[in-house]
Structures are given as C-alpha cells and as structure tokens.
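If you're wondering where the values come from, they're calculated on a predicted model, not measured in any experiment.
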Amino acid sequence: MLKQLLVVFIGALLSQGSTAPTYKAQNNEDWEFLLLAQFWPTTSCYYFRESGCSVPEKVNNWTIHGLWPSNANEPQPENCNSSMPFDYTQIESLRDRLDLEWPYYNKSGARTFLWEHEWNKHGTCAYNLPTLQGEMNYFTSAMNLYQTINLFGVLKAHDIEPSEEKFQVQDIFNILNEHFQAKPNIICLHNSEKNVYYIEEIWLCFNKDLTARDCEEIPVHTETALKFTSETDSLFRKTKGYIKDCPKDGEVYYLPISHK
C-alpha cells in the first residue's frame, strides 16, 4: 500500500509543473538519499521551555523538521548555494499549510525562522533533483511526502498513541521498520529534572525516486545507548545505531500535545 501511494505521489510531483528559478548548484551538491525528519510537538516545547513555546491550536500531529539531502558514508551537504537565499514571498501562498505541517515552536524566533534555516542549509543542496528545484518545489514536495507517510496514523494503528504511559522505543522502531520496510532513526530527549525520556524526532529515509530505504546508523551517546539482549541487539550499538539519546531500559514518553 505504501509503495502504491508513493508511486502516485511521485507522479504528482513530476506533473506539478512548478517553474524552478534558473539557478545552478555551486558546491557540495552531491548526495545519495533524502531524510525526512519529523518533530513531536510536545517534546519540541520541552526543548524550547526556557525561551517559550506555543503549539498552534490546529496542530495535533507530527510536524516537519526538514527534508535533508544525505550521504551514507560522508557528511550531509549543507549551505550549497548562497545565490539562492530564502525568499518568503516565493512560498507565501503555502502559509496556511506550512503553519500546520511545518511550524516553528520557539516563541522568541520569527515564524519563518525554521523555513529559512531549512531552505538555506538543506533546500539549496537538493537542487540537482528536478522535483526539488526552487523553494516552491522543495517545500511542497516535502509536505506531500509527509502527508503520504502519516506517521501518527501508522503508530496509532499499532496502539502507540500519545498518553501518560511509557512505551518501549524498540517497539516503535519495529513497527516503523515493518510498515515502511526500512529502518528509521529515532531520537529521544532527556528531562534531567525528572530523569525521564521523551520521544523527540523520527527520521525516515528515501531514495531519490522517493522509495523507502534504510536510514543510516548515527553516532549515539555512550551513556544513553540502548543495549538489548535480543536478536536485534546489533541494531543498537554503543557508538553508532538507529536510535539516539534514548535510555538503556528503552522506556520513553510519547506525551499528549498541549496547546497552552
């Protein structure tokens, strides 16, 4: 089912007809796959607790962090073309959708801060893929992919819903791996005052044709690295793994969204 949806989505991208600016990438444009990073709003607000945080009333879902051109064995390309600075007027028509699917929660920053940051750092590096050329194509394509994935719905279908209860991060990993037939990355955030962990981000990876692929193992903190004594033990190594900054016992909170 997912592959069928992605085929439809790819077709829509190829026929959307947006005209990209006549820019050419300048440097660091080589990359192998795309990583779609998503935030859980409650944890984002904990992260921004000191500067102030607000989750818009209509936001009741995972939201986009960014769509990142990436490499398997080399660093991500970043800030690839200074001749293409962020221009909000190019995507102003997407405002309502961006506010819902790609909001910035830090009250102390401009509401366009995250979009500008993601475009300048990552969007300019995606230019060598025609469907991502230009701000309109980049942001629209990322949001269309996000909609196709429906991360909240996938987890809910397996009884993983926001609550005051703890979940095993290994269960979340296994659900996503089975559903997408590709290994995700899961990032946690530690509340040192309460000594509890929250699920913060989920990263899903795609080939350039937008078919799902395994994400790469990423560096993890040794003191919080997961270590399971099971067949999946090799997935959670102490120096690199698919799960980062989560507790050794694997218990994490996936808390309900508060709009206060």
Side-chain angles (χ1 to χ4, degrees), residues 6 9-10 12-39 44 47 62-106 108-149 184-185 187 201-213 215-216 218-219:
L6 287 174
F9 168 62
I10 294 166
L13 281 181
L14 295 175
S15 63
Q16 64 188 13
S18 297
T19 302
T22 56
Y23 299 118
K24 292 184 179 180
Q26 293 179 334
N27 53 41
N28 301 324
E29 70 270 20
D30 292 334
W31 50 276
E32 300 172 22
F33 65 94
L34 289 164
L35 187 157
L36 181 67
Q38 297 182 56
F39 285 127
S44 292
Y47 180 84
W62 289 81
T63 59
I64 300 170
H65 181 173
L67 183 66
W68 306 336
S70 303
N71 291 305
N73 299 309
E74 297 179 7
Q76 290 178 337
E78 296 180 355
N79 303 302
C80 292
N81 199 327
S82 60
S83 74
M84 297 192 293
F86 178 74
D87 178 3
Y88 176 59
T89 62
Q90 292 189 26
I91 58 168
E92 193 167 7
S93 63
L94 301 175
R95 173 178 173 173
D96 290 345
R97 193 174 176 191
L98 286 164
D99 283 339
L100 182 65
E101 301 177 15
W102 206 326
Y104 183 51
Y105 299 113
N106 188 347
S108 67
R111 62 189 285 274
T112 60
F113 174 85
L114 181 59
W115 309 330
E116 179 175 3
H117 171 79
E118 292 301 313
W119 168 255
N120 290 337
K121 184 175 181 179
H122 302 288
T124 58
C125 300
Y127 193 86
N128 62 4
L129 191 64
T131 53
L132 298 178
Q133 289 181 357
E135 287 182 39
M136 179 61 75
N137 283 337
Y138 174 76
F139 285 99
T140 300
S141 297
M143 290 189 290
N144 287 347
L145 182 59
Y146 159 85
Q147 285 286 346
T148 303
I149 289 167
N185 293 131
I187 317 299
E201 294 194 49
I202 290 178
W203 299 351
L204 298 170
C205 297
F206 301 87
N207 296 305
K208 290 185 179 181
D209 63 1
L210 300 182
T211 54
R213 57 157 285 165
C215 289
E216 295 297 311
I218 54 178

Say you draw a straight line from [atom1] of [X] to [atom2] of [Y]; how long is it, rounded to the nearest 0.5 Å?
{"X": "Asn128", "Y": "Asp30", "atom1": "CG", "atom2": "CG", "value": "7.0 Å"}
{"X": "Glu92", "Y": "Leu98", "atom1": "CD", "atom2": "CG", "value": "11.0 Å"}
{"X": "Asp96", "Y": "Glu101", "atom1": "CG", "atom2": "CD", "value": "11.0 Å"}
{"X": "Gln90", "Y": "Met84", "atom1": "CD", "atom2": "CE", "value": "10.0 Å"}
{"X": "Ile202", "Y": "Leu36", "atom1": "CD1", "atom2": "CG", "value": "11.0 Å"}
{"X": "Tyr138", "Y": "His122", "atom1": "OH", "atom2": "NE2", "value": "6.5 Å"}

*Does the side-chain contact (heavy atoms from CB on, under 4.5 Å) test come out yes or no for Thr148 and Leu210, once each step is laid out?*
CA-CA 11 Å; Thr148 303; Leu210 300 182; over 6 Å; no
Could you check if a side-chain atom of [X] sits within less than 4.5 angstrom of a side-chain atom of [Y], using non-hydrogen atoms only?
{"X": "Glu216", "Y": "Cys205", "result": "no"}
{"X": "Glu135", "Y": "Tyr88", "result": "no"}
{"X": "Leu34", "Y": "Leu129", "result": "yes"}
{"X": "Trp119", "Y": "Thr124", "result": "yes"}
{"X": "Glu74", "Y": "Glu32", "result": "no"}

Closest approach of [X] to [Y] (non-hydrogen atoms, all atoms of both residues):
{"X": "Leu114", "Y": "Ile64", "answer": "CD2-O, 4.0 Å"}
{"X": "Asp99", "Y": "Pro103", "answer": "O-CB, 3.3 Å"}
{"X": "Trp31", "Y": "Cys125", "answer": "NE1-O, 2.9 Å"}
{"X": "Asn71", "Y": "Pro77", "answer": "ND2-CD, 3.8 Å"}
{"X": "Leu94", "Y": "Met143", "answer": "CD1-CE, 4.1 Å"}
{"X": "Cys215", "Y": "Asn185", "answer": "CB-OD1, 3.2 Å"}

*asked:* Just to verify, what does Tyr47 make a side chain to side chain contact (heavy atoms under 4.5 Å, CB included) with, not counting sequence neighbours?
replied: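 By the side chain to side chain contact (heavy atoms under 4.5 Å, CB included) rule, Tyr47 matches Leu189, Glu200.
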field: Those residues that, when tested against Ser70, pass side chain to side chain contact (heavy atoms under 4.5 Å, CB included) (two or more places apart)
entry: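 For Ser70 the side chain to side chain contact (heavy atoms under 4.5 Å, CB included) partners, ignoring immediate neighbours, are Phe33, Leu35, Trp68, Gln76.
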**OP:** Compute the centroid of each ring, for Phe139 and then for Trp115, and state whether the two points are separated by less than 6.0 Å.
**Re:**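 Aromatic pair excluded; centres sit 6.0 Å or further apart.
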Determine whether a donor-acceptor pair (N or O, by modelled atom type, separation under 3.5 Å) exists between the side chain of [X] and the backbone of [Y].
{"X": "Gln133", "Y": "Tyr127", "value": "yes"}
{"X": "Asn207", "Y": "Asp209", "value": "no"}
{"X": "Tyr146", "Y": "Trp62", "value": "yes"}

task: Quickly, which of Trp102, Phe86, Tyr104 forms a ring-ring contact (aromatic ring centres under 6.0 Å, His included) with Phe113? Name it, please.
output: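 Exactly one candidate clears the test, Tyr104.
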Salt bridge (charged side-chain N to carboxylate O under 4.0 Å, His left out): which pairs involve residues 115-134, sequence neighbours left out?
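Every pair satisfying salt bridge (charged side-chain N to carboxylate O under 4.0 Å, His left out) with a residue in residues 115-134: Glu78-Lys121.
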Is there a donor-acceptor contact under 3.5 Å linking the side chains of Asn137 and Ser141?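 No, no side-chain donor-acceptor pair sits under 3.5 Å.
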